[in-house]
Protein chains: 2
Amino acid sequence: MNPKPENIACDSNDTQARLLNAAESLFIDAGYAGMSARAIAQTAGVNIAAMGYHFGSKHGLLEAVLIRRVAPINDARLRRLARVCERGPDAIGAILHAFLWPVFYTENEAPARRLMGRVMTEPADVVEPLLDLVFSDVIEQFVAAVAACFPNEDKGLIAQKFSFVVGALSFTLLRPSSPLFGSVTTTDVSFKRLLKFSVDGFQITPTNRSIEKDIL
Amino acid sequence: MNPKPENIACDSNDTQARLLNAAESLFIDAGYAGMSARAIAQTAGVNIAAMGYHFGSKHGLLEAVLIRRVAPINDARLRRLARVCERGPDAIGAILHAFLWPVFYTENEAPARRLMGRVMTEPADVVEPLLDLVFSDVIEQFVAAVAACFPNEDKGLIAQKFSFVVGALSFTLLRPSSPLFGSVTTTDVSFKRLLKFSVDGFQITPTNRSIEKDIL
DNA sequence: ACTGATTTTAAACGATCGTTTGAAAGTAGG
DNA sequence: CCTACTTTCAAACGATCGTTTAAAATCAGT
């Protein structure tokens, strides 16, 4: 029969939690196609069949992994956004703060961060439906809130600027320590830097025409 | 014996080129672990064994795919950077222009762009050595050039800001049309927006303390 | 046309893939 | 203890994985 459909969160050492943790870790390091069901079971110290029994399939397990981590973060984002919007529409810094803060400071943040970075960059055919399901509401509301800060700006520009923020965020989460970019920083420093970078990128500034004319 | 070690570029319909094109397309859509050697051969209309014969292995084929596209872009980047640096150290806009322009406007740009986005976000154990090999020199030189623009700023901050640019770029290339962020734009528009966003993000502006105090 | 090297081919290698089965083990409530 | 239910387990399912083999086909030089 269907196994415990009502109670997802269990003791941290039972089979379901062990599978979730193992799948999360392997998904972060190898992506969906790169993690095998057997490797998950072995890492979890659990029989392979337990995956099918508790989550239906490998993809069902990934879905549970994502929802476990992403849902609390997105909930916190929307709660903070609601509080910001009560203060009036002109607070781009506060809006981006509401978007970024929960990623860096929600509990269980360390695995959740890397998971977020991985899932945002995973091949579309694996997670596109899941991304839509989990993120479309959050993105939509935040883009609308940011657009309200710049009522005279093109909506497409606002949406794309927000995608730049999401990209910078995802890449930062995905490669917390990359030999390409030198020294690693603490969570707090990265958060503050990314927030400031994003806010500055959103500001309306005069386009520097000399860049294009001089170089091109 | 070793197959044509000296002449990589061939007629656009010979086996090597067909394999390169097919592997590139599948790598973009599914990542390394998600593309199978058989799918590559089938897409290329070529026998499976031809992959081992011409490129040694699936990983060797990926390596050739990456170098074919990324090397010309990185060459153009460094050529443009050299020209910029002759003009003096205070041209962050020109530097970022030199970094971004070749991605959007090097020939064969369309597949090359998506390939660049995919490879930057692929799991580390697959492409980390390749990333190091292909990008470390470019990143190092550009970070140094940008640092010269802001001699009083922390080097780690400069490097991380540059990683934000790379992240925003990678994400933009990876998801040229995502239902999450609404309408698609042309290459020219995306390029100009990303360049401006990056330049503004690098500017030295006073930190808005009210963001943190108000919300936290 | 013949020879020697290059390239393509069908077929198979062992390994691993995600999933399923049916029996054994564990867990209450009576 | 017995029964009904849940969970775990070893084992196997067919399919596909990346790679290799050796023979067939193609090509270039004389």
Side-chain angles (χ1 to χ4, degrees), chain A residues 1-27 29-66 122-123 125-127 130, chain B residues 1-24 26-27 29-65 122-123 125-127 130:
Chain A
M1 276 258 146
N2 273 349
K4 320 190 178 190
E6 69 292 338
N7 183 14
I8 296 270
C10 307
D11 303 343
S12 77
N13 253 15
D14 70 351
T15 303
Q16 295 199 24
R18 295 176 69 85
L19 280 172
L20 286 170
N21 292 335
E24 176 175 81
S25 168
L26 292 174
F27 177 70
D29 288 335
Y32 181 75
M35 69 177 186
S36 75
R38 282 175 175 81
I40 295 172
Q42 183 174 338
T43 303
V46 154
N47 190 279
I48 319 170
M51 197 181 80
Y53 177 74
H54 286 286
F55 298 97
S57 65
K58 178 187 167 188
H59 198 273
L61 175 55
L62 172 69
E63 196 169 318
V65 165
L66 290 186
E122 193 72 356
D125 56 354
V126 177
V127 292
L130 290 176
Chain B
M1 276 257 146
N2 273 348
K4 315 193 184 189
E6 69 293 339
N7 182 12
I8 296 272
C10 307
D11 303 345
S12 77
N13 254 14
D14 71 351
T15 303
Q16 295 197 25
R18 295 176 69 86
L19 280 171
L20 287 170
N21 293 334
E24 176 175 83
L26 291 174
F27 177 71
D29 288 336
Y32 181 75
M35 70 176 185
S36 75
R38 281 173 176 82
I40 295 173
Q42 184 175 339
T43 303
V46 153
N47 191 279
I48 320 170
M51 197 181 81
Y53 177 73
H54 286 285
F55 298 98
S57 65
K58 177 186 167 189
H59 198 273
L61 175 54
L62 173 68
E63 197 170 318
V65 165
E122 193 71 356
D125 56 355
V126 177
V127 293
L130 291 176

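First the proteins, then the strands, lettered A, B, ... as listed; each starts at 1. Only heavy atoms go into these numbers, but all of them, side chains included; no hydrogens, no water, no symmetry mates.
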Under 3.5 Å, which N/O atoms of the protein pair with N/O atoms of nucleotides 23-29 of chain D?
none

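- Taking atom OH of residue B:Y53 and atom P of nucleotide C:dA10, one finds them 17 Å apart after rounding to whole Å.
- Note: A:H54 NE2 to A:D14 CG = 7.5 Å, rounded to the nearest 0.5 Å.
- Residue B:H54 has no polar side-chain atom (N or O) positioned under 4.0 Å from OP1 or OP2 of C:dT6.
- Regarding B:R18, its CZ atom lies at a distance of 15 Å from the C1' atom of C:dT7, rounded to whole Å.
- Between A:T15 and D:dT7 there is no side-chain N or O to OP1 or OP2 distance below 4.0 Å.
- Considering every non-hydrogen atom in both B:F55 and B:Q16, the closest pair reads CZ-O, 3.9 Å.
- Judged purely by atom type and a 3.5 angstrom limit, B:T43 uses its side chain to pair as donor or acceptor with the backbone of B:A39.
- When all heavy atoms are compared, the tightest approach of B:A23 to B:L61 is CB-CD2, 3.6 Å.
- Taking atom CD of residue B:E63 and atom C1' of nucleotide D:dG18, one finds them 17 Å apart after rounding to whole Å.
- Side-chain nitrogen and oxygen atoms of A:H59 include none within less than 4.0 Å of the OP1 or OP2 phosphate oxygen of C:dG18.
- Closest to the side chain of B:S57, out of D:dT19, D:dT8, C:dT7, is D:dT19.
- Residues from residues 37-51 of chain A that place a heavy atom under 4.0 Å from any atom of DNA chain D, listed by number: A:R38, A:N47, A:A49.
- Annotation: side chain of A:Y32 is in contact with side chain of A:L62 (closest heavy-atom distance under 4.5 Å).
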With 3.5 Å as the limit, what N/O pairs link the protein to nucleotides 24-28 of chain C?
none

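- For A:L26 and C:dC17, the CG to C1' distance is 15 Å, given to the nearest whole Å.
- Side chain of A:K58, nearest nucleotide from C:dT19, C:dT7, D:dT8: C:dT19.
- Judged purely by atom type and a 3.5 angstrom limit, A:K58 has no side-chain atom pairing as donor or acceptor with the backbone of A:M51.
- Across all their heavy atoms, A:A30 and B:P123 have their closest contact at O-CG, 3.3 Å.
- A pairwise comparison of heavy atoms in A:V46 and A:A50 identifies CG1-CB, 3.3 Å as the closest pair.
- Side-chain N/O atoms of A:S36 include one lying less than 4.0 angstrom from OP1 or OP2 on C:dC17.
- B:H59 places a side-chain N or O within donor-acceptor distance of the main-chain N or O of B:V126, the cut-off being under 3.5 Å.
- Distance check, rounded to the nearest 0.5 Å: CG of B:N47 to CD of B:Q42 gives 12.0 Å.
- Closest of all the heavy-atom pairs between B:L20 and B:A64 is CD2-CB, 3.7 Å.
- Put simply, CE on B:M35 is 15 Å from C1' on D:dT19, counting in whole angstrom units.
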